[in-house]
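What you see is a predicted model, and the numbers here were worked out from it, not measured in a lab. Labels below follow one simple rule: chain letters A, B, ... track the order of the sequence lines, proteins then strands, and each chain is numbered from 1.
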Amino acid sequence: MEFNDIVLMAIKLGLVLIPFMLVPLLILMERRGAAFIQDRPGPNRAAIPIFGLRLRGFGLVHNLTDGIKLFFKESFVPPFAYKPFYLIAPAIPVMTAVLTPSLIPWFAPISYAAANGVVTVAPSFFDANAGILALFALGSLSVYGVVLGSWASNSKFALLGGLRASAMMISYEVSMGLGALGLFLVVGSFSLTSIVEWQANHVWGIVVQPIGFLLFLVSMFAECNRNPFDVAEGESELVAGFHTEYSSVKFALFMMGEYCHIVVASALIATLFLGGYHLPWLDTVAIKTHLGGVLAGVLAVTALLFLAIAHLVHGRRKQYATLAASDRAARSKEYGFFRALFVLAGLACLGGAVASWLLVKPQALDLWHEGAKVYPLRWSLLTAALQIGIVLAKTLFFCWLFVWVRWTLPRMRYDQIMSLGWKVLLNIALVNLLVTAVIAKAVQS
Amino acid sequence: MAKLVPRPELTFWERIYFVEIFKGLATTFGHARRTLTNPAASITLMYPEVQPDIPRDYRARHRLMKRPDASPRCVACYMCSTACPARCINIVAEESPDHHIEKRPAKFEIDLLLCVFCGFCVEACPCDAIRMDTKQAILAGDNRADFVVDKAKLMDWDPKDYPDTDVQSQKAPGGKLHAQALEEFKSGTYH
């Protein structure tokens, strides 16, 4: 194994952990998003005192304190629980959360010149021909955690939650599979990499299969146990549903598994229907030939984002300064610090944009591989980094959609969920599949 | 008899539910955007950096009024502790050295954990000796004993914290009217 291979393997292994890294961000998004939608400021009290500042980090410190609290709590097992299953159950959603992202292509396949000719690196850790099938299979395993946990808890509330979760998963798995099947008919492959490549060469999946996209989206909400389908928890009816008897780090694992599931589901939707790492007019070849310009554009957008955040922080600082009867000094200092930080970050990004516009001019090697020029490895890696950024941006949009919908729609009643799943979505999915099959056949012949 | 509430007639687009979801999403996004860009739109008070504005007539922690010589104006008549529905006022009377006054409180304790802040003591007092206008609405302590306020604590207030128009408060030592009377006394114009 060459050094380059090891590095690329390590990078891909790191990408597998993306859902875990996004969990704190997602919790923050959930809490602050919920707060903003409800006209509240949200949790922003926990702070780290450092250098005479009380840094609250936009509420991120709350995640830290929650984590510390949950990890140091007594790991209590109810005496009436069936201990082996009770302890295994929270690990299952986390396990699937580690396994599923290894199937998602985060970037376009990289080709680079090695000692023994041109080497192509697969875009996902585990690039199977039956990628999407493996992903569905693994993703569906996470319900085992819920069912096993609820059964082993030996509590009626938990058992009811688990029953609902399993029934709902089975119902919506059908329309999820059928919703995505239309796309596979059009593309003609189960490999996630070739699905994304097909979308890059033709059009995005959402254009070919708009109904399939909606079916898949709705089913994904049910799969993730999210509002309006979160009857498995159903606080108003079932205390806390399947994790009623769980506390401390076991509860944290359930929660983490749930959020990881959301990230994976978002990445999957982005990959299947929104072109994955592809943007219109920005396929891999275009990025590579205009790498400097594209990098400059991305950095400029990032700079604008940072400056916008600095502007928001500035607005909050001004608000404190005008408030009567307020302790201004500490807050002004903190907001001033964050404003300076984001302005500096924005300026650094702008500088980076100018520098990459002027300096990044990749020269292709005199090698051809599968109809495309081969570039040196560093430029290919930079392209891959940009594409990872594109996937992450799309993923985060869908994560926000999950949060957004949760605070918009009321929870559906259990029988309504069932009738929606079996009487409406399934029929639409079948008709969609039939029409797609007929059209696909007609176009083919 | 049960009142029949007619179900609203839904149009086709409402019954299909899908369009309404996007309308709802637009509404919630509007709220999120507004609160994000304009924090003043949120009605949440940033306590404790920003303190709530307590109205003048709010029934807060009690205080005992003072005579110009800084002694309590209370005559230990037990009217307040009799009127108190929570029985949180504990008074021990003693003879006043001033024979015009007859009695004064040796001990005047209020258990704020028992107090229901009804204001009956203020109503019952025949000489305006007890008031509930300190605006101290947020009470905190580490143990129960911290919440039993004694005479000294009840009389530990500053006339500067009360408006100049509050005649009774300003007559207490440190008050404007008190200072004015002292000036007049010195110059011999006091009557």
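- Crowding of B:Phe147 atom CZ: a count of heavy atoms from other residues, nucleotides or ligands under 6.0 Å exceeding 12.
- Using a 30° and 60° split on the angle between ring planes, A:Trp400 and B:Phe29 fall in the perpendicular class, above 60°.
- Considering only heavy-atom pairs separated by less than 4.5 Å from chain B, the leading option among A:Arg32, A:Arg45, A:His311, A:Gln38 is A:Arg45.
- When the shell of 6.0 Å around CG of B:Asp53 is examined, it contains 12 or fewer heavy atoms from other residues, nucleotides or ligands.
- Atom-to-atom distance recorded for A:Leu409:CG and B:Leu25:CG is 6.5 Å, nearest 0.5 angstrom.
- Heavy atoms from other residues, nucleotides or ligands lying under 6.0 Å from CD of B:Glu102 number 12 at most.
- Atom NZ of A:Lys394 is surrounded by more than 12 heavy atoms from other residues, nucleotides or ligands within 6.0 Å.
- Within 6.0 Å of the NZ atom in B:Lys176, the count of heavy atoms belonging to other residues, nucleotides or ligands does not exceed 12.
- The shortest non-hydrogen separation linking A:Ile37 to B:Ala32 is CG1-CB, 3.8 Å.
- Nearest heavy-atom pair across A:Trp407 and B:Thr28 is O-CG2, 3.6 Å.
- For the set B:Arg33, B:Glu20, B:His31, the count of heavy-atom pairs under 4.5 angstrom toward chain A peaks at B:His31.
- Of the two parts of B:Arg34, only the side chain, counted from C-beta on, holds a non-hydrogen atom closer than 4.5 Å to a non-hydrogen atom of chain A.
- Looking at B:Thr35 and A:Asp39, their side chains do bring a donor and an acceptor atom within 3.5 Å of each other.
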Please assess B:Leu36 against A:Phe36 for the test side-chain contact (heavy atoms from CB on, under 4.5 Å), listing each intermediate value before the final yes or no. CA-CA 6 Å; B:Leu36 180 66; A:Phe36 287 148; 3.5 Å; yes
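- Within 6.0 Å of the CZ atom in A:Phe58, the count of heavy atoms belonging to other residues, nucleotides or ligands exceeds 12.
- In this structure, chain B has heavy atoms under 4.5 Å from both the backbone and the side chain of A:Val405.
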